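Down below is the structure, laid out as structure tokens.
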Amino acid sequence: MLSGNECVTLYHVEAGVECSYLDVFAALESLQHLEPVTPWVANHTMLGEDETTPRICVAESLENCISSCGLHRFRRCCENVPTMQHFATIPAGGEEAYPIIIQTYQVPLSEVHKPTPKEVPDAALTGELWLTKPTRPVKREMLWLMMDSISVTEDVDEYLAKTGFIDGAPVVCVSVITTDEAVRCGFNHPWLNCRGHCLDSLAPEDDEIRWATKCLAKAA
């Protein structure tokens with residue numbers, strides 16, 4: 001059993017990176033910078049979640065990270081999730097791949113805060129943990145998710161009966177691909193070949209607006 005002085009390895013998923021960096025090369029270059037990360041209050045919180053405590057949301061696995069983020073941030077990867085398959089419809093241009101950045105932390109157990117149900121109502125299901133002090137990641141890496149990378153691990157009807165919604169359900173990532181593999185295998189993404197959708201896309205029109213804005217920003 002770990003003591004408070006022993007270190008644990010925790011992960012943070014940075015989703016929506018295609019809208020945070022000018023292009024894939026800028027995102028890849030950012031992986032070399034391992035400055036301490038300052039805790040912040042998340043812009044997207046679930047109903048009843050603490051909205052005042054700055055924190056870095058982390059978890060013990062990539063699967064738990066995605067669960068904590070909520071499935072709405074990974075819509076295009078939910079081909080295997082009941083009630084969400086329509087977000088992952090394969091377009092005429094072919095299959096797509098979507099970038100995420102994983103930050104890895106190694107911290108003493110004593111510095112890890114386990115949210116209470118009052119702070120994060122579904123923390124017991126998702127495995128969400130907090131780091132409340134500035135913390136330097138030991139590694140940053142980019143991974144690519146496929147359209148079928150996310151699956152719900154428990155019976156959906158049972159989960160709906162308990163929570164009333166599927167967003168945030170415990171999930172499992174069943175496949176990831178590297179940048180090189182994404183290019184070699186010809187998967188679509190605007191960063192790679194100017195075709196494809198953002199990870200959290202609701203509709204193609206939504207992406208057209210976003211990518212047009214980014215192109216204008218590049219031109220400027």
Side-chain angles (χ1 to χ4, degrees), residues 1-24 26-75 77 98-145 149-150 163 165 167-173 176 198-200 210 214:
M1 188 172 183
L2 287 173
S3 69
N5 293 324
E6 293 184 80
C7 285
V8 293
T9 301
L10 301 170
Y11 306 94
H12 171 82
V13 168
E14 185 180 339
V17 294
E18 63 267 70
C19 297
S20 300
Y21 301 90
L22 191 59
D23 55 32
V24 67
L28 289 171
E29 195 276 334
S30 79
L31 303 182
Q32 310 306 313
H33 304 301
L34 300 177
E35 293 86 359
V37 176
T38 301
W40 70 95
V41 178
N43 292 326
H44 306 284
T45 57
M46 70 177 300
L47 183 65
E49 183 174 346
D50 180 292
E51 296 181 348
T52 60
T53 305
R55 68 270 196 175
I56 306 169
C57 295
V58 293
E60 295 181 288
S61 69
L62 175 58
E63 293 81 13
N64 282 355
C65 285
I66 291 176
S67 298
S68 301
C69 288
L71 295 186
H72 65 283
R73 301 186 68 186
F74 303 88
R75 289 188 183 98
C77 295
Y98 314 94
I100 59 174
I101 290 177
I102 311 298
Q103 293 183 169
T104 303
Y105 294 90
Q106 291 180 339
V107 297
L109 186 62
S110 58
E111 295 183 8
V112 181
H113 175 69
K114 185 175 182 178
T116 65
K118 186 175 181 179
E119 290 171 323
V120 181
D122 66 348
L125 282 172
T126 65
E128 180 174 334
L129 300 169
W130 291 357
L131 301 177
T132 56
K133 297 178 181 179
T135 308
R136 186 190 303 272
V138 297
K139 182 170 67 173
R140 282 168 51 84
E141 59 184 324
M142 183 182 292
L143 299 178
W144 293 78
L145 300 180
S149 284
I150 293 177
T163 66
F165 60 95
D167 182 25
V171 296
V172 156
C173 290
V176 294
C198 299
L199 178 56
D200 63 350
R210 283 202 249 180
K214 285 177 68 67

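Note that the structure is a prediction, hence the values are computed from the model and not measured.
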Item to check | Spatial distance of atom CE (Met142) from atom OG (Ser30) [nearest 0.5 Å] | outcome: 6.5 Å
Checklist outcome for this item: Heavy atoms of Glu119 and Lys114 approach each other most closely as OE1-O, 4.4 Å
Next on the checklist: Using every non-hydrogen atom in the two residues, find where Val13 and Cys65 come nearest and quote the distance to one decimal.
Outcome noted: CG2-CB, 3.4 Å
Item to check | Thr9, Val37, Val112 screened by side chain to side chain contact (heavy atoms under 4.5 Å, CB included) with Tyr105, the one that passes | outcome: Val37
Item to check | Glu18 side chain reached by Leu199 side chain, heavy atoms, under 4.5 Å | outcome: yes
Checklist entry - Does the side-chain contact (heavy atoms from CB on, under 4.5 Å) test come out yes or no for Val8 and Glu60, once each step is laid out? => result CA-CA 8 Å; Val8 293; Glu60 295 181 288; 5.5 Å; no
Checklist entry - Looking at SG of Cys77 and CD1 of Ile100, how far apart are the two atoms once the value is rounded to the nearest 0.5 Å? => result 8.0 Å
Checklist entry - So, for Ala59 and Gly127, which heavy atoms are closest and what is the spacing to 0.1 Å? => result CB-O, 3.8 Å
Item to check | Side-chain donor/acceptor of Gln32 to backbone N/O of Glu29, under 3.5 Å | outcome: no
Item to check | Spatial distance of atom CG (Leu71) from atom CD1 (Ile66) [nearest 0.5 Å] | outcome: 8.5 Å
Checklist entry - Just wondering, are more than 12 heavy atoms of other shown residues or ligands nearer than 6.0 Å to CD in Glu141? => result yes
Next on the checklist: Using modelled atom types and a 3.5 Å cut-off, is there a donor and acceptor pairing between side-chain atoms of Arg140 and backbone atoms of Ile101?
Outcome noted: no
Checklist entry - Any idea which heavy atoms bring Pro108 and Cys7 closest together, and the distance? => result N-SG, 3.9 Å
Checklist entry - His12 side chain to Cys57 main-chain N or O, any donor-acceptor pair under 3.5 Å? => result yes
Indicate every side-chain donor-acceptor pair of residues 130-139 with a distance under 3.5 Å to a residue at least two apart or in another chain.
| residue | atom | partner | partner atom | Å |
| --- | --- | --- | --- | --- |
| Trp130 | NE1 | Glu128 | OE2 | 2.8 |
| Thr135 | OG1 | Lys133 | O | 2.7 |
| Arg136 | NH1 | Leu34 | O | 2.9 |

Item to check | Side chains of Tyr21 and Glu14, donor plus acceptor under 3.5 Å | outcome: yes
Next on the checklist: Rounded at 0.5 Å granularity, tell me how far CD in Glu6 sits from OG in Ser110.
Outcome noted: 11.0 Å
Checklist entry - Can you tell me how far the CG atom of Asp200 sits from the CZ atom of Arg75, to the nearest 0.5 Å? => result 6.0 Å
Item to check | Validation row: Ile102, Tyr11 side chains within 4.5 angstrom (heavy atoms) | outcome: yes
Checklist entry - Under 4.5 Å between any side-chain heavy atoms of Ile56 and Trp40, yes or no? => result yes
